[in-house]
K.L.:
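Here's a structure for you.
Keep in mind the model is a prediction, meaning the values are calculated, not measured.
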Amino acid sequence: MTEKIRSIDWNAAWQEAQQACSRPAREASFWDSRASSFAAHARHKSDYPEQFIEIVRPEPHWHVLDVGCGPGTVAIPMAERVASVTALDFSGAMLNILQTACDENNISNIRPVLADWNDDWRAKGVDTHDVVFASRSLVCGDLTAGLVKLNRFTAKRVYISHLVGEGPFDSRIIEASGRSFQPCPDYIYVLNLLYQLGIYASVDFTTHPVNRTFDDIDDALDECRWMIQDITPAEEQRLKAFFEKNLIFEENNRWKLPGMKPVRWAVIWWDTQ
């Protein structure tokens, strides 16, 4: 059995699972259009940044590279604890939100860089950093190349966080719309490929109970619509019927969908020294 596992091409398996999953990787234009709403959600509705940083335990002298920084969900709080952060993302709108936050909060040790996984980062002025992390941003098509690239840009350590199981998605909601749910490749692909590359990584987990409540059915639709790409009117009606049947009214005048599982993220890390 061990030999069979070792013979699996985890990079090919990753690519196949990515193509089949319900939420394929998106282009920069998609994230440009969602930048404002994504930033608001990340800022107010999750303690993920705090849990991630607690695992990383940053040191004041570190120079950090944040790959796939988005609107600065981790880069901004990380900047309070390290010497500098190079924040790299392929969405110009995300980087604009990050820069605005830096200006408003007098943060001077974050440098935004517009680039994606396939770009020549050194040509973009990105040098080797003490620590590199890709926080919930491992969307590279070639996983092997992505991991090797992260390893090449760090002098000390790499941190990757990636979804566990369904991640932030609720398969019941997707299936209620009439679509089938195909999970995206989770952290075990990354861990196994690292093993094949001769990297023996450690794994920690962040855990986030989901206590999502809604004002009404329309609010539930607004909050959950992001899970279904290009939702049609017919799918929205089926989802509305699902909420009408399953939402429970609570004493605080809010509605809740019972049975929501905690969201977990695997934080995979290894030393390069």
Side-chain angles (χ1 to χ4, degrees), residues 25-142 145-162 226 265 267 269:
R26 304 298 189 91
E27 300 294 328
S29 58
F30 170 82
W31 291 109
D32 285 342
S33 67
R34 282 203 68 220
S36 296
S37 60
F38 180 87
H41 179 87
R43 188 179 305 117
H44 300 298
K45 297 187 177 182
S46 175
D47 65 343
Y48 166 81
E50 291 81 5
Q51 290 196 37
F52 178 80
I53 290 173
E54 184 176 347
I55 291 171
V56 173
R57 298 177 65 184
E59 298 182 15
H61 64 276
W62 280 0
H63 296 276
V64 173
L65 173 60
D66 179 357
V67 179
C69 65
T73 305
V74 173
I76 290 174
M78 183 69 74
E80 300 174 1
R81 297 163 173 84
V82 299
S84 71
V85 178
T86 300
L88 185 152
D89 202 277
F90 71 167
S91 167
M94 290 286 191
L95 293 180
N96 288 339
I97 291 173
L98 169 60
Q99 186 61 62
T100 298
C102 289
D103 295 341
E104 291 175 349
N105 294 282
N106 297 314
I107 300 171
S108 59
N109 63 338
I110 295 179
R111 181 171 73 96
V113 175
L114 183 64
D116 65 22
W117 283 93
N118 298 316
D119 286 331
D120 182 345
W121 294 350
R122 296 204 186 277
K124 299 278 187 175
V126 178
D127 295 320
T128 300
H129 288 61
D130 294 312
V131 172
V132 174
F133 62 85
S135 168
R136 304 188 296 188
S137 60
L138 199 62
V139 295
C140 47
D142 187 331
L147 295 176
V148 169
K149 193 169 191 176
L150 293 176
N151 210 50
R152 194 166 66 245
F153 275 82
T154 184
K156 296 181 180 179
R157 186 174 295 168
V158 177
Y159 289 91
I160 294 171
S161 66
H162 197 60
W226 66 270
W265 297 92
V267 181
W269 57 274

K.L.:
Among V56, I160, L65, V74, find the residue that satisfies the side-chain contact (heavy atoms from CB on, under 4.5 Å) test when tested with F133.
P.N.:
V74
K.L.:
Using modelled atom types and a 3.5 Å cut-off, is there a donor and acceptor pairing between side-chain atoms of S137 and backbone atoms of V67?
P.N.:
yes
K.L.:
So, the side chain of K124 versus the backbone of D119: is there a donor-acceptor pair under 3.5 Å, distance only?
P.N.:
no
K.L.:
Can you confirm whether V132 sits close enough to V64 that some side-chain heavy atom of one is under 4.5 Å from a side-chain heavy atom of the other?
P.N.:
no
K.L.:
Calculate, to the nearest 0.5 Å, the distance between atoms CD1 and CG belonging to I110 and D66 respectively.
P.N.:
8.5 Å
K.L.:
Does any part of the side chain of L95, heavy atoms only, come nearer than 4.5 Å to the side chain of L114, both counted from C-beta?
P.N.:
yes
K.L.:
Applying ring-ring contact (aromatic ring centres under 6.0 Å, His included), name anything that partners H162, two or more places apart in sequence or on another chain.
P.N.:
W14
K.L.:
Specify the closest pair of heavy atoms between A79 and N109, including all atoms of both residues, with the distance to one decimal.
P.N.:
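Smallest interatomic distance, heavy atoms only, reads O-ND2, 2.9 Å.
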K.L.:
Ignoring hydrogens, what is the shortest heavy-atom contact between T128 and A155? Give both atom names and the distance.
P.N.:
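Taking T128 first and A155 second, the nearest heavy atoms are CG2-N, 3.7 Å.
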K.L.:
Show every side chain to side chain donor-acceptor pair (under 3.5 Å) that has at least one partner inside residues 76-88, sequence neighbours left out.
P.N.:
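Counting only pairs at least two positions apart or across chains, the side chain to side chain donor-acceptor pair (under 3.5 Å) contacts touching residues 76-88 are H63-S84, T86-H129.
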K.L.:
May I ask you to test the V113-V126 pair for a side-chain heavy-atom distance under 4.5 Å?
P.N.:
yes
K.L.:
As an exercise, state the distance from CG of D103 to CG of N105, rounded to the nearest 0.5 Å.
P.N.:
9.5 Å
K.L.:
What's the spacing between R157 CZ and R57 CZ if we round to 0.5 Å?
P.N.:
9.0 Å
K.L.:
Apply side chain to side chain contact (heavy atoms under 4.5 Å, CB included) to residues L98 and C69 and explain how you reach the verdict.
P.N.:
CA-CA 9 Å; L98 169 60; C69 65; 4.1 Å; yes
K.L.:
Check for a donor-acceptor pair, side chain of S161 on one end and backbone N or O of R136 on the other, with a separation under 3.5 Å.
P.N.:
yes
K.L.:
May I ask you to test the V158-V131 pair for a side-chain heavy-atom distance under 4.5 Å?
P.N.:
no
K.L.:
Atom CG of D116 and atom SG of C140: how far apart are they, to the nearest 0.5 Å?
P.N.:
10.5 Å
K.L.:
If you draw a 6.0 Å radius around CD in E54, do more than 12 non-hydrogen atoms from other residues or ligands fall strictly inside?
P.N.:
no
K.L.:
How are the rings of F52 and Y159 set relative to one another: parallel (under 30°), tilted (30 to 60°) or perpendicular (over 60°)?
P.N.:
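Geometry flag for Y159 against F52: perpendicular rings.
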K.L.:
Side-chain contact, heavy-atom cut-off 4.5 Å: M78 with W62?
P.N.:
no
K.L.:
Check ring-ring contact (aromatic ring centres under 6.0 Å, His included) between F153 and all other residues, then give those that pass, not counting sequence neighbours.
P.N.:
W121
K.L.:
Are S135 and W265 packed together at the side-chain level, in the sense that at least one heavy-atom pair is separated by less than 4.5 angstrom?
P.N.:
no
K.L.:
Looking at R152 and R122, what are the two nearest heavy atoms and their distance?
P.N.:
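Taking R152 first and R122 second, the nearest heavy atoms are O-NH2, 3.8 Å.
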K.L.:
Rounded to the nearest 0.5 Å, how far apart are CE of M94 and CG of D89?
P.N.:
6.5 Å
K.L.:
Does the side chain of T73 come within less than 4.5 Å of P71's, by heavy atoms?
P.N.:
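Result yes, sub-4.5 Å side-chain heavy-atom pair found.
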K.L.:
Could you give the distance from CG (D47) to CD1 (I53), rounded to the nearest 0.5 Å?
P.N.:
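That separation rounds to 11.5 Å.
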